[in-house]
Structure formats: C-alpha cells, structure tokens
> 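The structure that follows is given in the form of structure tokens.
Here is the naming used below: chain letters follow the sequence lines, and residue numbers restart at 1 for every chain. Just the heavy atoms: all of them, side chains too, but no hydrogens, waters or symmetry mates, feed the values below.
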Number of protein chains: 2
Amino acid sequence: MVTLSDVAKQANVSKMTVSRVINHPEQVTAELRQLVEAAMATLDYQPNAAAKALANNRTNVIKLVILEDIDTTEPYYMSLLFGIAKGLDKCGYALQLVTERERLGKGNAADGFIVTGARAADLPLIDALAKPTVIFGENHNGYDFIDTDNKAGTAMATEYALAKNYQSLVFLGIDVKEAFEYSREAGYINTLQQHKKLPQIHRMSNHSHQSQQFINAHWAEFARDTCFICASDRLAIGVVRAIMQNGGTIPRDFGVIGFDGVFLDQVSNPKLTTVKQPVQRLGELLARMLLQKVAQSGAQQGELLVDPELIARDTTRK
Amino acid sequence: MVTLSDVAKQANVSKMTVSRVINHPEQVTAELRQLVEAAMATLDYQPNAAAKALANNRTNVIKLVILEDIDTTEPYYMSLLFGIAKGLDKCGYALQLVTERERLGKGNAADGFIVTGARAADLPLIDALAKPTVIFGENHNGYDFIDTDNKAGTAMATEYALAKNYQSLVFLGIDVKEAFEYSREAGYINTLQQHKKLPQIHRMSNHSHQSQQFINAHWAEFARDTCFICASDRLAIGVVRAIMQNGGTIPRDFGVIGFDGVFLDQVSNPKLTTVKQPVQRLGELLARMLLQKVAQSGAQQGELLVDPELIARDTTRK
DNA sequence: TTGTATGCGTTATCAT
DNA sequence: ATGATAACGCATACAA
C-alpha cells in the first residue's frame with residue numbers, strides 16, 4: 001500500500017507537504033506542488049479512507065433511511081438507491097441502509113442521513129439524529145429536501161392533453177394526505193383553471209385494479225374525447241385496461257397519462273404516455289446535497305425541485 | 001463520543017481488557033468480562049469503525065461491481081442491491097458501487113468484491129482485483145458463486161405443468177450462451193425425459209414482443225393443452241398476450257409459466273404463474289459469503305445454489 | 001489473565 | 001512556505 005510517506009520520500013518533501021497538496025493546495029508553492037503531484041501519479045497513490053476518517057472524525061459513510069414499509073421490489077426506490085450510491089461513490093463515500101425505525105440510533109455512526117418516506121410523526125426521530133440530514137420527498141416543515149416538481153409534472157401532462165384536443169380531462173389521484181399528491185392535483189387544477197375548464201378529481205388507493213374498477217363502474221359517465229390524467233402509472237395502467245374492456249379506442253377516443261415513468265410504463269401494453277420522474281438523478285442530487293451539507297457542517301441547503309419529463313407514447317394522440 | 005478508554009475507566013480496567021472483551025472474550029475472566037460489558041451498556045459504547053479499520057488494515061467497505069450494461073430500473077438488480085446492502089449492514093459494512101470497468105482499479109480500496117454480470121472475458125479483471133471476491137451468477141471456472149438453482153426451477157415448473165395435465169410442454173428460452181440458460185433448459189429437458197416426453201425448445205432474445213411475435217407466427221402449430229415454460233417473465237408476458245390475441249383461453253387450454261418473479265409477474269394481467277427467484281435473499285447471502293471469505297482471509301467458499309419457489313397464479317390451471 | 005507500549009495513515013497545531 | 005510532532009481510536013506484541 002502506498003502511503004503519504006512513500007509519496008513524501010519520492011518527492012523529497014515531508015508528509016505534511018503532501019497532505020497539504022491534497023487538502024490545501026493553495027498553501028504550497030507551485031514548484032513543490034508539481035513535484036508532489038508527479039510523485040502521486042507515478043506511485044498511483046490512493047489515500048487511505050479509514051485513516052482520513054479517523055483523523056477528521058468522520059466515517060465516510062452515509063445512511064439511507066427508508067421509513068416507508070415498502071415492497072423492496074418497487075423499482076422506484078431501487079432506482080433512487082442506485083442514484084444515491086453513484087453520487088456517494090464519486091466522493092469516496094459509502095452507503096448503509098436503515099429500514100427499521102428501531103435501528104436508527106443503533107449501529108455504526110454516519111456522517112449524515114438521507115431520509116425517505118418520512119411522515120409527520122417521524123420528524124422528532126429525524127431531529128434526534130443530530131447529524132446533517134436531507135429528506136427525499138416534498139415537505140413544508142423547513143427540512144432540506146429534494147423531489148420531483150410534482151406540480152409542474154401534472155401541469156405538463158394537462159397542457160399536453162389539451163394540446164392533443166381531448167375535450168374532457170379527468171384526474172385520478174391517490175388517496176393519501178401527502179404533499180406530493182396535493183402538488184400533483186394542484187398542477188392539474190391550476191392548468192385547467194387557466195383554460196377555463198372545471199377540474200374533476202377522483203381519489204383511490206394506488207393499485208391498478210382500483211382504477212380499473214373505478215372506470216368500469218363509471219364508464220357511462222365518460223364521453224369520448226376524455227383524457228385521464230393519473231397520479232401514478234399504476235393507476236394509469238388500470239385505466240387503460242378498463243377502457244379496453246369497455247371497447248374504448250386508445251388513443252383516438254380516450255387518452256391516458258401516467259406519472260412516475262419507472263419501469264411499469266415501459267412494460268405495459270400499450271406503452272404508457274407518462275410524466276417521468278428522474279429518479280436516479282434525484283438520488284445523485286440527494287447525495288450531492290447531503291455531502292455539501294456535511295462539508296458545510298450542517299448548513300441549511302434549502303429545497304430542490306427537479307423538473308420531470310413528459311414521455312409521449314401510445315396512450316395519447318400523436 | 002464514547003471510546004474504549006471511557007469504557008475502561010468506567011470499568012476500572014485497562015483499554016486492552018475492553019478490547020479483548022470485544023475481540024477475544026475467552027481470554028478474559030468472566031468477572032471482568034461482565035464488568036466491562038456492563039460499562040459498555042451503560043455508556044452505550046459504539047466502536048469507531050474508522051479506527052478499527054485503520055488498526056486492522058481494513059476498509060469496512062465492500063464494492064459491488066456490475067459489469068453488465070443494465071438498465072438501472074431493472075428491478076432484478078435493484079432487489080439484489082438491496083439484499084446486499086442489508087446483509088452488509090448487519091456486519092457494519094458499507095457498500096460502494098462500481099458500474100464501469102475502467103473504475104474498477106481506481107477509487108478507494110475495499111475489503112472485497114461482489115461481481116455480477118461477469119462474462120468470460122472479464123475473468124482476468126476479477127483475478128486482478130487481488131481481494132476476496134464472490135460472483136453472482138452460475139459459472140464453472142472455480143470462482144465462488146451464488147445463484148438460484150436454475151435447473152431445479154425449470155424442473156419444478158415442468159413437473160407442475162405435467163401435474164396440471166397439460167399434454168404438450170414447450171420451452172421458450174433466451175438466446176444467450178450463459179450458464180444460467182443452459183441450466184434452465186436442462187431442468188426442462190431432464191424432467192420431460194423422465195416422463196418419456198420429447199422436449200421442444202425455441203430460443204429468442206429476452207423481450208416480450210419477441211415471444212409474442214413468435215407465438216403469433218406459429219399459432220397454428222400449438223394444440224390445446226399446451227403449457228409454455230418460459231426462461232423469463234418477459235417472455236412469458238409476451239406469450240400471454242399472443243395467446244389472448246389469438247383467442248386462446250388461459251389457463252384452461254393454454255398454460256404459461258414464467259421465470260424470475262421480480263415485480264413484472266405481479267403487474268401483468270392476468271397475473272403470472274412463475275418460478276420466483278429469491279433475489280433479495282441471494283443478495284444477503286452474497287454479503288454473508290463474502291464477509292466470511294474476508295474473515296477467512298480469502299479462503300475458498302465454494303458455490304451455493306438456492307432453491308427458487310413456484311408461485312401458482314392465474315396462467316396455469318388450479 | 002491483565003497491562004504497557006507502539007503503530008496503523010492521516011491531519012492539525014505549532015515551530016521554524 | 002515547510003517541517004516536526006502529537007493526536008484520532010483501536011489492536012497487536014510483548015512484558016508483567
């Protein structure tokens with residue numbers, strides 16, 4: 001293993017100079033700096049993370065806390081995890097997972113936390129962490145967070161449906177009291193109001209068979225030229241199935257737009273037009289924001305809403 | 001932060017005794033041991049991973065190397081990642097991700113590697129790692145590995161189809177030269193031979209539209225009472241679609257059995273009978289095997305084939 | 001069985 | 001601007 005000392009010898013300087021070239025390059029003359037950099041290159045010096053961590057009172061580990069009781073095969077969270085891991089790697093950080101509330105305080109220490117699935121009741125838990133923390137998912141309690149711009153997403157979908165000349169726009173929402181859902185509904189409502197149209201919202205739990213059942217039960221009420229704006233791809237898929245069961249023609253007479261764009265939209269048949277969340281990028285951004293917060297010893301980072309993207313496929317008119 | 005010294009003071013012993021209680025409890029008298037343990041409990045002592053790592057010349061980090069160029073939303077890999085992370089956490093290990101071959105040698109050091117998606121050409125790369133390594137996925141080059149028992153899986157599926165009285169059993173395989181595919185075909189072939197039936201295998205690339213197209217093109221050749229044993233859920237879904245397009249009745253006249261059981265099978269309609277791989281558990285086992293290998297300074301661990309589970313749902317007879 | 005001294009690789013403090 | 005030294009928390013070798 002190549003250490004600081006080795007590099008120092010090779011460059012004929014002290015360990016400290018090498019250390020400074022790495023951490024405070026401005027404090028060292030250009031001449032020596034180049035010497036040291038050359039030495040590091042020829043020896044292929046890789047700093048020892050453990051030693052660094054020990055000296056800095058750091059751990060080089062970030063914990064990802066998933067408070068929601070998720071089905072771990074849910075591609076959404078998996079994509080997020082992937083993005084976070086990638087973002088951390090870039091900075092030499094590693095990742096640990098916490099899926100149980102009880103294990104939050106236990107185990108190894110970490111330099112910071114990324115929390116997802118936090119509900120109001122969990123906020124005290126988060127405060128108790130006493131370490132830099134970043135939340136995944138909209139919230140309005142002053143915690144730093146990153147999320148998709150949900151409102152922009154449904155606004156985008158609604159505008160698109162209008163542009164494709166669907167006359168009636170119905171929103172199918174998820175029956176939860178969460179900020180993301182309110183924002184998605186708001187994006188739809190605002191856009192319709194701008195176009196002097198009346199919103200029409202139905203809420204149900206987030207399963208395709210729920211929306212399928214709902215459409216079947218109310219089929220007679222939906223005229224041709226209706227586009228269903230859905231709060232999730234799961235709901236959208238159920239709607240597609242119901243329309244086909246009832247003999248409706250997609251996309252000519254009925255349009256369907258989903259939300260999420262994680263795997264499900266691509267394997268459905270016909271392929272779903274959807275508002276795609278940049279989930280993996282969100283993960284990378286979470287990592288970046290948290291590491292910056294750690295570097296700034298816990299300074300407030302604010303909120304970051306990332307624009308989703310409308311993916312036009314086969315459930316809306318060309 | 002509570003350190004060894006704090007515990008030592010509290011228990012009126014030296015640091016070394018505390019250290020021994022942790023690492024070599026048999027070397028310390030029961031009396032002192034209990035004292036120390038009490039002290040650790042009252043102080044809620046958490047060992048400092050970085051210091052431990054530095055002293056042991058370890059990193060407490062494992063790298064997961066994904067050589068395949070995967071779509072990161074593929075739930076399969078994500079589930080695996082999740083399982084590995086969980087398994088590592090239990091032992092205080094953290095995870096780093098490597099997705100690019102070039103970055104394999106670079107970056108922080110690690111105590112060991114879990115490699116997935118390795119092809120024959122990658123084996124030199126793996127040897128070059130010079131660290132304990134465990135492979136995910138069948139291989140027969142002497143590397144330690146863990147995988148689903150693919151042969152048992154298709155054997156299980158074939159037996160099940162026979163038990164449900166499907167007369168003709170057709171296998172749809174994936175057109176790759178990989179050990180897992182050979183094993184899946186072997187499980188099917190062996191079982192049919194035991195029942196004095198002739199195997200019938202068709203291979204294609206792993207996309208639902210491929211299998212859908214294939215069934216459509218050959219529809220006339222498939223008599224009623226045929227069950228399609230598929231090497232993946234993707235293929236199975238395409239088969240289901242094609243059968244329905246052609247007016248076949250599932251599961252009465254035609255059966256379909258998939259392979260994988262990761263997400264796709266549940267969102268399909270009708271829900272798929274499938275051979276479910278315990279992917280997350282495989283991840284945890286990979287972590288466990290690798291950590292054991294690290295602890296045994298690289299000793300051979302052998303191979304581990306984990307039985308999959310047949311999930312009977314709506315594409316086979318009750 | 002238990003305690004003392006030393007080193008792991010790095011960084012910060014204090015000299016020069 | 002550069003270098004010597006101590007310190008981070010723990011584990012090993014050795015001494016008692």
Side-chain angles (χ1 to χ4, degrees), chain A residues 1-37 39-40 43-61 91-94 107-111 294-295 297, chain B residues 1-37 39-40 43-61 91-94 107-111 294-295 297:
Chain A
M1 152 166 266
V2 177
T3 72
L4 266 191
S5 306
D6 299 326
V7 178
K9 256 177 234 160
Q10 171 88 9
N12 273 317
V13 297
S14 76
K15 295 196 301 181
M16 266 323 296
T17 306
V18 180
S19 175
R20 269 195 272 264
V21 168
I22 295 169
N23 299 300
H24 312 283
E26 73 285 356
Q27 294 178 15
V28 81
T29 57
E31 193 185 13
L32 275 192
R33 191 163 56 223
Q34 288 177 7
L35 234 74
V36 170
E37 275 161 357
M40 295 200 299
L43 294 179
D44 188 28
Y45 168 68
Q46 304 286 358
N48 181 316
K52 200 181 268 191
L54 181 58
N56 290 326
N57 194 24
R58 288 266 180 75
T59 64
N60 274 358
V61 170
C91 307
Y93 266 77
N108 295 322
D111 293 342
V294 168
S297 45
Chain B
M1 152 166 265
V2 179
T3 73
L4 266 192
S5 306
D6 299 326
V7 178
K9 257 176 234 162
Q10 171 88 9
N12 273 317
V13 297
S14 76
K15 295 198 302 182
M16 264 324 297
T17 307
V18 181
S19 175
R20 270 195 272 264
V21 169
I22 295 169
N23 298 301
H24 311 283
E26 73 284 357
Q27 292 179 15
V28 82
T29 57
E31 192 184 14
L32 275 192
R33 191 164 55 224
Q34 288 177 7
L35 235 74
V36 170
E37 275 162 356
M40 293 200 301
L43 294 179
D44 188 28
Y45 168 68
Q46 305 285 358
N48 181 316
K52 199 182 268 190
L54 181 58
N56 289 326
N57 194 24
R58 290 268 179 74
T59 65
N60 274 357
V61 170
C91 306
Y93 266 77
N108 296 320
D111 293 342
V294 169
S297 44

> Where each residue is assigned the nucleotide of DNA chain C containing its nearest heavy atom, which of Ala50(A) and Leu32(B) is assigned the position nearer the 5′ end?
Leu32(B)
> Could I get the full list of side-chain contact (heavy atoms from CB on, under 4.5 Å) partners for Arg20(B), not counting sequence neighbours?
Met16(B), Gln27(B)
> Roughly, in whole Å, what's the span from CG in Asn12(B) to P in dT2(C)?
14 Å
> Rounded to the nearest 0.5 Å, how far does CG of Asn56(A) lie from CG of Asp111(A)?
9.5 Å
> My understanding is that only residues two or more places apart in sequence, or in another chain, count here; which of them pass side-chain contact (heavy atoms from CB on, under 4.5 Å) with Asn12(B)?
none
> Return the 5'-most residue of the pair Asn57(B), Val28(B) with respect to DNA chain C, ranking by each residue's nearest nucleotide.
Val28(B)
> Just to verify, what does Ser5(B) make a side-chain hydrogen bond (donor to acceptor under 3.5 Å, both in side chains) with, not counting sequence neighbours?
none
> End-to-end bend of the helix from dT1(C)-dA16(D) to dT16(C)-dA1(D) (five-pair axes, 10° rounding)?
40°
> Within the structure provided, determine whether Val21(B) and Val18(B) are in side-chain contact (heavy-atom separation under 4.5 Å).
no
> Return the CG to CG distance between Leu35(B) and Leu32(B), rounded to the nearest 0.5 Å.
6.5 Å
> Spell out, as yes or no, whether a donor-acceptor pair under 3.5 Å connects the side chain of Arg33(A) to the backbone of Pro25(A).
yes
> Might you point out which heavy atoms bring Lys15(A) and Leu4(A) nearest each other, and give the distance in Å?
O-CD1, 4.2 Å
> Can you name the atoms? Protein N/O to nucleotides 10-13 of chain C N/O, anything below 3.5 Å, with the distance.
unit_1  : atom_1 : unit_2   : atom_2 : d
dT10(C) : OP1    : Tyr45(A) : OH     : 2.3
dT10(C) : OP1    : Asn48(A) : N      : 3.1
dT10(C) : OP2    : Leu4(A)  : N      : 2.5
dT10(C) : O4     : Lys15(A) : NZ     : 3.4
dT11(C) : OP1    : Asn23(A) : OD1    : 3.4
dT11(C) : OP1    : Asn23(A) : ND2    : 2.9
dT11(C) : OP2    : Ser19(A) : OG     : 2.8
dT11(C) : OP2    : Asn23(A) : ND2    : 3.3

> Begin from the C-alpha positions of Val61(B) and Asn60(A) and carry the test side-chain contact (heavy atoms from CB on, under 4.5 Å) through to its verdict.
CA-CA 10 Å; Val61(B) 170; Asn60(A) 274 358; over 6 Å; no
> For a 4.5 angstrom cut-off between non-hydrogen side-chain atoms, does Asp44(A) reach Val2(A)?
no
> Which is the 5'-most and which the 3'-most nucleotide of DNA chain D that has an atom under 4.0 Å from a heavy atom of chain A?
dA1(D) to dG9(D)
